[in-house]
K.L.:
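The structure's right below; bear with me while I get my questions together.
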Amino acid sequence: MLQQTRVETVVDYWLRFMAELPTVQALAAAEVEHVLSLWSGLGYYSRARRLRAAALAIVGDHGGEFPRTRAGARALPGVGPYTAGAVLSMAYDLPEALVDGNVARVFSRLFALEEQPASTAGQRELWRLAWECLPEQGAGEWNQALMELGATVCTARAVRCGECPLATVCRARATDRVAELPRLARPTPPVSVSLEIAWARRGPLVLLEKRPPQGRLAGLWEPPTREVENGAGQKSGLWPPEFRAQKTLRLGGTLARLSHSITRHAIRAEVREAAVEGSLPTAWHWVGPGDLWRMALTGMAKKVLRL
DNA sequence: TAGCCGTGGGC
DNA sequence: TGCCCAAGGCT
């Protein structure tokens, strides 16, 4: 859950997840749809699928216990170099290094590294330093302290050098280059996307569509959504003929326009009341309010449904 | 190697 | 508001 996600965001999801699936055996036995429903709104949903797959491997191949070796950990789905170092050092207090976004920023400044952290050379240098700095005892606490320093003091912006315990030995600080480091990769411009979201009601039921099993938000549920024709005249949304989008929905007296983002996509969405006649596409279903909590909804769907 | 995958918060 | 960024991993 913590991969690319802030602690504050994760906490509530983690508590619900652990209350529902408290053991690795329970997670391994759970339906993918169930796991995704607990992940609903957290994003990067492949993490949820891999977590379940890892639980299956742990139960099936490791006697229900997380591996205690780097190779064993790295072989699990969803466990990369960072996660392996994090779990082994914190859960088992093994002397394992880690590099995440925070450590990369702290080290880039502390040692005034010129390489971009995302580059191969930059990663190699960061991991070398992480191992070089690692104390023989207490690697887990060391790693957490390093990440905490990056999260609270040595931040991307509004850096708090005055509160930093390493300020006197920081090479970026000494050369007044804190704001320039770490060197950032040239950002790719975001793609603007305009969506139309259908809001169709039938008594207490709401119309939802299950997304395709591949690609973005794979297999998750959302109110029927189509990409609107953009200025260049491409990608016009294809609504079924039985379906008519009507006026823009008003929520709290204002037009229901939602801004949203998916990595490198700036999304503007408009929610429209819709009428449905005749048969529905197979992916469309009327869903009762009690079922919504048990479904794998997209974050956008939760916004629209105000859950 | 670089593109892809979600969402929420800070400024 | 719009942009940047975050306890990454996979292909």
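A, B, ... follow the sequence lines: proteins, then strands. Residue 1 opens every chain.
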K.L.:
Which part of the nucleic acid, if any, lies within reach of Ser119(A) when heavy atoms closer than 4.0 Å are counted: base, sugar-phosphate only, or nothing?
P.N.:
nothing
K.L.:
Is it the case that the side chain of Glu115(A) and the backbone of Gln123(A) share a donor-acceptor pair, with hydrogens and angles ignored and the cut-off at 3.5 Å?
P.N.:
no
K.L.:
Specify the separation, in whole Å, of atom CG of Asn143(A) and atom C1' of dA7(C).
P.N.:
11 Å
K.L.:
What's Arg216(A) touching, base or sugar-phosphate or nothing? Going by heavy atoms closer than 4.0 Å.
P.N.:
sugar-phosphate
K.L.:
What integer distance in Å separates Gln123(A):CD from dG8(C):P?
P.N.:
11 Å
K.L.:
What is the distance from CG of Leu195(A) to P of dT7(B), rounded to the nearest Å?
P.N.:
12 Å
K.L.:
Rounded to the nearest Å, what distance is computed from the CE atom of residue Met1(A) to the C1' atom of nucleotide dG6(B)?
P.N.:
14 Å
K.L.:
Say whether Arg171(A) and Thr175(A), considering side chains only, have a donor N or O and an acceptor N or O under 3.5 Å apart.
P.N.:
no
K.L.:
Considering only atom P, compute the distance from dG10(B) to dA7(C) and round it to an integer number of Å.
P.N.:
13 Å
K.L.:
Closest-nucleotide mapping onto DNA chain C: is Ala151(A) or Pro77(A) further toward the 5' terminus? I mean the 5' end.
P.N.:
Ala151(A)
K.L.:
If only side-chain N and O atoms count, and only distance matters, is there a donor-acceptor pair under 3.5 Å linking Trp284(A) with Glu209(A)?
P.N.:
yes
K.L.:
Using a heavy-atom cut-off of under 4.0 Å over every strand shown, decide if Thr155(A) touches base, sugar-phosphate, or nothing.
P.N.:
nothing
K.L.:
So if I take residues 31-58 of chain A and measure heavy-atom distances to DNA chain B, which residues fall below 4.0 Å?
P.N.:
Gly41(A), Leu42(A), Gly43(A), Tyr44(A), Tyr45(A)
K.L.:
Closest to the Asn102(A) side chain: dG8(C), dA6(C), dT1(B)?
P.N.:
dA6(C)
K.L.:
Find the distance Gln214(A):CD to dC4(B):P and express it as a whole number of Å.
P.N.:
16 Å
K.L.:
Within the structure, does a side-chain N or O atom of Arg105(A) lie under 4.0 Å from either OP1 or OP2 of dA6(C)?
P.N.:
yes
K.L.:
Select from Val7(A) and Val79(A) the residue whose nearest nucleotide in DNA chain C is closer to the 5' end of that strand.
P.N.:
Val7(A)
K.L.:
Which nucleotide sits closest to the side chain of Arg157(A): dT1(B), dG8(C), dG10(B)?
P.N.:
dG10(B)
K.L.:
Please check this pair: side chain of Trp39(A) against backbone of Gly43(A), looking for a donor-acceptor N/O pair closer than 3.5 Å.
P.N.:
yes
K.L.:
Restricting to pairs with a member in residues 16-41 of chain A, which pass salt bridge (Lys or Arg N to Asp or Glu O under 4.0 Å), not counting sequence neighbours?
P.N.:
Glu33(A)-Lys210(A)
K.L.:
Look at the side chain of Thr5(A) and the base of dG6(B), then say whether one donor and one acceptor between them are separated by less than 3.5 Å.
P.N.:
yes
K.L.:
Which of these nucleotides, dA7(C), dG9(C), dG8(B), is closest to any side-chain atom of Leu2(A)?
P.N.:
dA7(C)
K.L.:
Under 3.5 Å, is there a donor-acceptor pair between the side chain of Arg47(A) and the main chain of Gln3(A)?
P.N.:
yes
K.L.:
Is the backbone N or O of Val35(A) less than 3.5 Å from a side-chain atom of Ser37(A), with the two atoms forming a donor-acceptor pair by type?
P.N.:
no
K.L.:
Write down the distance separating the P atoms in dG6(B) and dT11(C), rounded off to the nearest Å.
P.N.:
14 Å
K.L.:
What is the distance, rounded to the nearest whole Å, between atom CG of Leu76(A) and atom P of dG9(C)?
P.N.:
12 Å
K.L.:
In whole angstrom, give the distance that lies between atom CG of Leu307(A) and atom P of dT7(B).
P.N.:
13 Å
K.L.:
Taking ring pair (Phe, Tyr, Trp, His ring centres under 6.0 Å) as the definition, give me every residue that meets it alongside Phe111(A), ordered by chain and number, with sequence neighbours left out.
P.N.:
Phe107(A)
K.L.:
Would you check if the side chain of Arg109(A) reaches a backbone N or O of Cys170(A) as a donor-acceptor pair within less than 3.5 Å?
P.N.:
no
K.L.:
Taking only the side-chain nitrogens and oxygens of Gln4(A), find out if one of them lies under 4.0 Å from OP1 or OP2 of dG8(C).
P.N.:
yes
K.L.:
Taking atom P of dG8(B) as reference, at what distance in whole Å does atom CE of Met300(A) sit?
P.N.:
10 Å
K.L.:
Does Thr83(A) place a side-chain N or O at less than 4.0 Å from the phosphate oxygens OP1/OP2 of dG9(C)?
P.N.:
yes
K.L.:
Across the strands shown, which category fits Ala158(A) at heavy-atom distances under 4.0 angstrom: base, sugar-phosphate, nothing?
P.N.:
nothing
K.L.:
Tell me which of Tyr13(A) and Ala121(A) sits closer to the 5' end of DNA chain B, going by the nucleotide each one is nearest to.
P.N.:
Ala121(A)
K.L.:
To the side chain of Arg6(A), which of dG9(C), dT7(B), dA6(C) is closest?
P.N.:
dA6(C)
